[in-house]
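I have placed the structure first, in the form of structure tokens, so that the comments after it can refer back to it.
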Amino acid sequence: MIRKRPNDRSTNRQQRSTLFQKCTNLRALKQVHASMVVHGFNSNHSALGELIFASAMVISGTIGYAHKLFDHITEPNTFMWNTMIRGSAQSLKPLNAVVLYTQMEKRGSRPDDFTFPFILKACTKLCWVKMGMGIHGKVMRFGFQSNASVRNTLIDFHAKCGDLRVATALFDGSAKRDVVAWSALTAGYARRGKLDAARRLFDEMPVKDLVSWNVMITGYTKQGEMESARKLFDEVPRRDVVTWNAMIAGYVRCGFIEQALQMFEEMTSLGEKPDEVTMLSLLSACADIGELEIGERIHSSLLEMGSGEISIIHGNALIDMYSKCGSIERAIEVFQGMREKDVSSWNSVIGGLAFHGHAEESVNLFEEMRRLKVRPDGITFVGVLVACSHAGKVEDGRGYFSLMRNEYKIKPNIKHYGCMVDLLGRAGLLDEAFDCIGNMEMQPNAIVWRTLLGACKVHGNVELGRRANERLLDIRGDESGDFVLLSNIYASRGEWHGAEEVRKLMDDIGVKKEPGFSIVEADDSALKHFCFYSKSKSNRGC
DNA sequence: TTAGGGTTAG
């Protein structure tokens, strides 16, 4: 009897799969590709598809290589298109997924039931409502609306960025609702702050899994309802790193740093391994309380976790932590060591320098950013204007303000105006500062008026100070600090009668000046508890 | 090869 020889194609496939399993970085991927070229597999669509999959989905940071490979394929198959759209949707540039989908349509490639969940994910990430609606139309046209994955992604899209009513109608109209549909809708209600509706859905869910619990807990933490979150957290049948991260991030966001650190301690003592997201929340906590030492330890841990590489998001958080903890040199070091930077990296370092009085360096970095053709955003200009204001560079500040409007077409927000008022006010250009407030496209807030009031105090302008105070009173009549400031303006000019009048007015309308206080770190018990999860730190005895 | 949960700055 002649034994059937193993199918050549399947043997090759097995060999390639083994090869791809060994691919853990770009170098290995390129070697596999080179061997494919040598062995004549470079035109084999199945092999190329796997190569694209490895570089777009499996190995992190190699989506760029996937694009290069893909661009050389004259007729990509649907699997390749799907892989590229999926990889782009989950990358830092989800916009590329939309570009790819558009190209796919133009080139006459027919999308399948895998294409739609991927492209919809990109629309959700970008919150591109019109595009998502268009895709919804395509789903209907191609008849994929009954596919569970497609329908669930549509529910998720509408719940997060479209219309909750559409999401609910899709959910209600489903013949079968699985746990994903329930959780997607619950998450949508929770995200929009409709916690009661979310909770009703959560309670009605016929089956709950870990994600459903995490959705509801996160819903509470994001709205600052930490007590409800904690209650659910204590009831949850099983926890994973996301459950812990949601609680830790919630406590940090609410400013309950001690609880966040206690939760972290509990997490590690129960054997749950923290991940990069945990570290991000902890960095934020360190930045909030100025805890440099723990921040440095998180930095070391991140270097270990990423084998010496630090992601953009962590780099940005580290820059923020170091600058808020007063170590601007380390912040710059992190910034300079980052292989990849985004606009937030520049913003963090430009803002950090500006707020720490390094105006010259801050502005220089901004100029370098422009030279490198990195497009600044509104936040960049807040940093630059703060730098100009601190350095008393009125002309430069004016120039950057108009650059922002005219060249970058960024509409100034209240913070930009606040910076301009501060800049002009510090320089003693009080009338101009007053006019600047008058020219704002939005209602000035108390901060803006208070900035002007402060400048009036410094420059002893009683008349404008009085006017600023009147406006301030309209906005918030119960802030004693503003009265004190006005009273001090009178006093600094020797106008004791005016000063006395303001104090009397405070008494009349019942404004009490709170006694001043300083925070003195008397007990670092929460930090003493801080047991840092790191292999190399385990010998530190914590 | 699909779908739902956690993350920095301002």
Side-chain angles (χ1 to χ4, degrees), chain A residues 49-50 52-53 56-58 77-87 89 112-121 124 144 147-157 159-160 167 178-188 190-191 205 208-219 221-222 239-250 252-253 274-287 311-321 323-324 331 342-352 354-355 377-383 386 413-416:
Chain A
E50 283 186 51
I52 289 172
F53 185 80
M57 296 302 308
V58 183
N77 58 26
T78 310
F79 173 77
M80 291 173 185
W81 282 110
N82 289 349
T83 305
M84 289 305 296
I85 294 171
R86 185 185 178 196
D112 62 9
D113 48 345
F114 286 86
T115 319
F116 290 111
F118 302 148
I119 183 62
L120 274 167
K121 204 167 191 180
T124 309
F144 289 125
N147 176 291
S149 300
V150 176
R151 202 184 45 240
N152 288 344
T153 336
L154 273 173
I155 293 174
D156 184 51
F157 161 74
K160 281 194 189 133
D178 58 18
V179 66
V180 178
W182 279 95
S183 302
L185 193 66
T186 308
R191 272 187 179 221
M205 267 184 217
K208 292 185 188 73
D209 65 6
L210 184 55
V211 177
S212 329
W213 283 88
N214 286 344
V215 160
M216 201 58 233
I217 291 172
T218 310
T221 62
K222 286 211 164 160
R239 294 172 188 143
D240 68 356
V241 67
V242 176
T243 328
W244 289 97
N245 286 349
M247 292 300 295
I248 293 171
V252 173
R253 210 178 295 120
D275 65 3
E276 283 93 343
V277 178
T278 327
M279 298 307 185
L280 212 47
S281 289
L282 294 177
L283 276 177
S284 178
C286 292
S311 67
I312 293 185
I313 202 164
H314 286 122
N316 296 350
L318 281 168
I319 296 171
D320 181 57
M321 182 276 295
S323 59
K324 281 192 177 151
D342 64 7
V343 67
S344 303
S345 326
W346 289 90
N347 290 352
S348 299
V349 77
I350 288 171
F355 285 107
D377 62 13
I379 298 159
T380 324
F381 281 99
V382 173
V386 166
N413 63 29
I414 200 135
K415 283 185 187 159
H416 300 117

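Given the structure is predicted, the values throughout are model-derived calculations rather than measurements. Each chain gets a letter, A, B and so on, in the order its sequence line appears, and its residues count up from 1.
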Selected nucleotide, minimal atom distance to [X] side chain, candidates [options]:
X	options	answer
A:Pro117	B:dA3, B:dT7, B:dG4	B:dA3
A:Val242	B:dG6, B:dG4, B:dT7	B:dG6
A:Asp275	B:dG6, B:dG10, B:dT8	B:dG6
A:Asp209	B:dG6, B:dG10, B:dG4	B:dG4
A:Ser284	B:dT8, B:dG6, B:dA3	B:dT8
A:Thr153	B:dA3, B:dG6, B:dA9	B:dA3
A:Ile313	B:dT7, B:dA3, B:dG6	B:dT7
A:Val277	B:dA3, B:dT7, B:dA9	B:dT7
A:Val382	B:dG4, B:dG10, B:dT1	B:dG10
A:Phe114	B:dT8, B:dT7, B:dT1	B:dT1

Describe the nucleic acid contact of A:Val150 in one word from base, sugar-phosphate, nothing, applying a heavy-atom distance below 4.0 Å.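 Here A:Val150 touches no strand at all.
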NA contact type, A:Asp156, heavy-atom cut-off 4.0 Å: base, sugar-phosphate, or nothing?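 If one applies the 4.0 Å heavy-atom cut-off, A:Asp156 turns out to touch the sugar-phosphate alone, with no base involved.
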Do A:Leu280 and A:His314 come within less than 4.5 Å of each other through their side chains, counting heavy atoms only?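 The answer is yes; the side chains approach within 4.5 Å.
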If I compare all heavy atoms of A:Glu50 with all of A:Phe79, which pair ends up nearest, and what's the gap?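 Nearest pair, atom of A:Glu50 first, then A:Phe79: N-CE2, 4.5 Å.
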Quick check for you: to the nearest 0.5 Å, what is the distance between A:Met279 atom CE and A:Cys286 atom SG?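 A:Met279 CE to A:Cys286 SG: 10.5 Å, rounded to 0.5 Å.
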Distance check: side-chain N/O of [X] vs OP1/OP2 of [N], anything under 4.0 Å?
X	N	answer
A:Lys222	B:dT7	yes
A:Lys324	B:dG10	yes
A:Lys121	B:dG4	yes

Return the set of residues passing side chain to side chain contact (heavy atoms under 4.5 Å, CB included) with A:Asp178 (not counting sequence neighbours), or none when no residue passes.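 For A:Asp178 the side chain to side chain contact (heavy atoms under 4.5 Å, CB included) partners, ignoring immediate neighbours, are A:Ala148, A:Asn152, A:Val180, A:Ala181.
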With hydrogens left out and only the distance checked, is there a donor-acceptor pair under 3.5 Å joining A:Asn152's side chain and the base of B:dA3? yes
Does A:Ser348 get its side chain close enough to the base of B:dA9, under 3.5 Å, for a donor-acceptor pair?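 No, no donor-acceptor pair under 3.5 Å.
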Can you name the side chain to side chain donor-acceptor pair (under 3.5 Å) partners of A:Ser212, sequence neighbours left out? A:Ser183, A:Asp209
